[in-house]
Number of protein chains: 2
Amino acid sequence: MGTPSTPTVYDVAERAGVSIATVSRVYRNPDSVRATTRDKVLEAARALGYVPSGSARGLASRATGVLGLCFPDYSDPDAETEALAADADDDHAFMLYSDQIIRGMERASRRHGYALLIAASLKGGPESLVAKVAGRVDGFAVMAGTVPTDDLEVISRRLPVVMLAGPRGIDHLDHVEVANADGQRELTRHLIEDHGLRRLAFVSGPPNSPDAEARFHGYAEACRAAGLPVPAEPDVRTVMMTQAEGAQAAEELLARTGTVAGAGTHERPEAMVFANDQMAVGALHTLERSGVRVPQDVAVTGFDGIPLSRLVRPTLTTVRQPMRDMGERAVELLLRRIDATEPGHEEPQSVVLPVTLAYRQSCGCG
Amino acid sequence: MGTPSTPTVYDVAERAGVSIATVSRVYRNPDSVRATTRDKVLEAARALGYVPSGSARGLASRATGVLGLCFPDYSDPDAETEALAADADDDHAFMLYSDQIIRGMERASRRHGYALLIAASLKGGPESLVAKVAGRVDGFAVMAGTVPTDDLEVISRRLPVVMLAGPRGIDHLDHVEVANADGQRELTRHLIEDHGLRRLAFVSGPPNSPDAEARFHGYAEACRAAGLPVPAEPDVRTVMMTQAEGAQAAEELLARTGTVAGAGTHERPEAMVFANDQMAVGALHTLERSGVRVPQDVAVTGFDGIPLSRLVRPTLTTVRQPMRDMGERAVELLLRRIDATEPGHEEPQSVVLPVTLAYRQSCGCG
DNA sequence: CTGAAAGCGCTAACAA
DNA sequence: TTGTTAGCGCTTTCAG
């Protein structure tokens, strides 16, 4: 048992009768070594069970060949317990859009020879999970609201970072987002003009969710354009934008009209417009339980285009985000910075991806 | 411009007036440093924009805090072009089970303080993508058929590796799989006994796909148990188990009975049993085009329980795999090895996860 | 085409 | 509690 438990270039070099530099070359640029020599090295490596250390490589070459992605642990807690799917344990339907972004980034990364390091932000932990990722990649993307701005501030000074689906947050960062306002405006227009609805209600998330805010603005714009009263604030705001909250929001909305309990003061809205699909789905449940028909009695719409939106009944009218593309664009932006030999002070790029509308049953189409 | 572009422990140490060891401690074990000192260090780090190098850390501590996952780039090529979804560009439906496994592993990893490095195997590349991953993680999982056995042979000698959803492949590896045979047997029994079908046909994948083989065995067992002729071989075998091939297989099956073209010699099967959902979905298309009704004229079943199986019409009866769980179990197995201070020669573990049946429209249920 | 030598940035004993 | 001193395994000039 003379050899160390984990073989290194030295072991391989010795066994192959060459120098460590040659071993290194064989792995980095095979063609720069004579075939005979190369084979000797490869054979020795094989015999020894040699696997190049990524850490050592990274240290020496100042590049990891890895890109990172920080995303929210967006698994709707409700989904875990609430048995709304036909098959209770079937949670396929709940795969949210972060999966798509992961896929998109993974593919793009791989095409460019990079691997992808992913990490969801743990809700409770005051964790510096970012640091963990940041230290091991050549650049990374963060989905909005995943990383404390302070940390990003520091990190982005040393490493390319791109913001996803959020506000740029820190203004020297590249970022890719979707046309939130455009999509919501068009969807709202559809409700008003094509379906002739006039009493709409908008359910948003917290004020600090830029996506939700942008959507609300699109909504408000459509109202103005149609000559309807322009709301200054969403009718209801939720905190996490989950299904449970969506269900609650719908109840709240019904309560205000006296349909449920309490003395209603307004007429019931003809349409409930939600800032995301999850809430809309929750609302669908509430409405069904309350005997309010969708879309006959009230239209319901979401935003995102998660898989679940097509599985619920009625199917949910929503605005689809090109999440896969977001991942790909993020990688492109990252590589642009990484490849810039110049420490790079190019202008921060901002990519806005177009959305598409999915008119389905919940608004009276489909 | 005195400081280097990328600050290191030295820079931070100098600015904070301490030694590099102290800086290191602050990041690794904050409590081992006096609060005053710690704050000085943190402040200096912040000012400098210091981010610990994961590579250097990994090199020095011989641990990366990262787990890996190699999965097949299983995006069915057909899916990309074939516009079978209502919304052509909506590929939500095609998310396969690797996404679920990724999710499962990510969650479990994070719970244990690890990040996840993912990499799909590029079809064309004779790439040693494994090496890339292997060198940067403390252990990793590979989905069956993703990595050349030779490479695994070498790598697994130096690093914990767990096989997913496949045969162990290399017999000293841990692995987690699902009860393929059990599921297929029960599903087949259902077809025979509950629906009274007697002429069944099984469409499998290549002989070297252990999952497909196990399923075929389950199928054969059910036939034997029911007193039906026991097939020695599947009626049709495909290569990639894609939708296109499934469609083709269905045609083949119909052709043999003269329903399509050619002189049929057998009677048309009453049930087409596919080794996975993708093929079954492809078959559904063929049958529809051929005017063969499902399930009235012929029952169709799949295996896997991918999201798409619930979206097609008729909905597909299938066997659902607990993919999320697989990811979690994989992580557990990995950590067991990693934490084993003993270089570990414990017996290779083999976890078999139970499957559940989803009786839907394509077999006459639902 | 190959070798020698100097780090890359951090952790880990061991001292103090 | 904090500092000193060696490496960790590989890439990289620079020679030969």
Side-chain angles (χ1 to χ4, degrees), chain A residues 3-42 44-45 48-66 131-132 134-138 158-159, chain B residues 3-42 44-45 48-66 131-132 134-138 158-159:
Chain A
T3 44
S5 72
T6 263
T8 74
V9 272
Y10 290 96
D11 304 310
V12 177
E14 181 175 357
R15 193 173 216 275
V18 299
S19 74
I20 62 168
T22 297
V23 175
S24 176
R25 289 196 186 90
V26 169
Y27 282 90
R28 202 162 21 66
N29 184 2
D31 299 321
S32 69
V33 175
R34 190 194 303 147
T36 337
T37 316
R38 193 194 317 147
D39 292 342
K40 269 193 306 188
V41 172
L42 254 14
L48 260 28
Y50 169 72
V51 178
S53 154
S55 293
R57 263 171 128 130
L59 218 210
S61 64
R62 296 100 174 326
T64 63
V66 177
K132 191 156 203 182
R136 327 195 129 281
V137 301
D138 293 336
R158 302 299 170 198
L159 201 65
Chain B
T3 45
S5 72
T6 265
T8 73
V9 273
Y10 290 96
D11 303 309
V12 177
E14 182 176 357
R15 193 174 215 275
V18 301
S19 75
I20 62 168
T22 299
V23 176
S24 176
R25 290 196 185 92
V26 169
Y27 283 88
R28 201 160 25 66
N29 185 1
D31 300 320
S32 69
V33 174
R34 190 193 304 148
T36 338
T37 317
R38 192 195 318 147
D39 293 341
K40 270 192 305 187
V41 172
L42 254 14
L48 260 29
Y50 169 71
V51 178
S53 154
S55 294
R57 264 170 124 131
L59 218 210
S61 64
R62 295 108 172 325
T64 63
V66 177
K132 192 158 201 179
R136 322 196 133 287
V137 303
D138 294 336
R158 302 300 169 197
L159 202 63

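Predicted, not measured: the structure shown is a model, and the values here were computed from it. Below, each value reflects all heavy atoms present in this structure, side chains not excepted, and no hydrogens, waters or symmetry copies.
For A:Thr22, taking side-chain heavy atoms from C-beta onward, the closest of the listed nucleotides C:dC8, C:dG3, C:dG9 is C:dG3. Nearest nucleotide to the side chain of A:Ala56, out of D:dT13, C:dG9, D:dC10: D:dC10. When distances run from any side-chain atom of B:Ala21 to the nucleotides D:dT4, C:dG9, C:dA4, the shortest one goes to D:dT4. You'll find that the side chain of A:Ala60 is closest to D:dG9, out of D:dG9, C:dC10, C:dT2.
By the 4.5 Å heavy-atom criterion applied to side chains, B:Arg15 and B:Val12 are not counted as neighbours. Contact check for A:Val51 versus B:Leu159: no side-chain heavy atoms found under the 4.5 Å cut-off. Counting heavy atoms from C-beta outward, A:Val23 and A:Val26 have side chains that stay 4.5 Å or more apart.
One finds a side-chain N or O of B:Arg28 lying less than 4.0 angstrom from the OP1 or OP2 phosphate oxygen of C:dA12. Distances shown here put every side-chain N or O of B:Thr8 at or beyond 4.0 Å from the OP1 or OP2 atom of C:dG9. OP1 or OP2 of D:dG9 sits under 4.0 Å from a side-chain N or O of B:Arg62. The side chain of A:Ser19 contributes an N or O atom lying less than 4.0 Å from OP1 or OP2 of C:dG3. At the phosphate of C:dA12, neither OP1 nor OP2 sits under 4.0 Å from any side-chain N or O atom of B:Ser24. Taking side-chain N and O atoms only, B:Tyr50 has a distance below 4.0 Å to OP1 or OP2 of C:dC10.
When heavy atoms are screened at a 4.0 angstrom cut-off, A:Val18 is found touching the sugar-phosphate backbone but no base atom. Residue A:Thr37 is in sugar-phosphate contact alone, with no base atom involved, counting any heavy-atom pair closer than 4.0 Å across all strands shown.
Rounded to an integer number of Å, the gap from CG of A:Asn29 to P of D:dT12 is 11 Å. Taking atom CZ of residue A:Arg158 and atom C1' of nucleotide C:dG9, one finds them 15 Å apart after rounding to whole Å. Computed from coordinates, the A:Asp11 CG to D:dC8 C1' distance equals 13 Å when rounded to whole Å. Rounded to whole Å, atom P of D:dT13 lies 15 Å from atom CD1 of A:Ile20. D:dT12 atom C1' lies 19 Å from atom OH of A:Tyr27, rounded to whole Å. Atom CD of A:Glu14 and atom P of D:dC10 are 14 Å apart (whole Å). Counting to the nearest Å, the C1' atom of C:dC8 and the CZ atom of A:Arg57 are 15 Å from each other. Following rounding to the nearest Å, B:Leu59 (CG) and C:dT11 (C1') show an atom-to-atom distance of 10 Å.
The only member of A:Val33, A:Val9, A:Leu42 that meets side chain to side chain contact (heavy atoms under 4.5 Å, CB included) when paired with A:Tyr27 is A:Leu42.
Remark: the B:Tyr10 side chain and the C:dC8 base include no donor-acceptor N/O pair separated by less than 3.5 Å.
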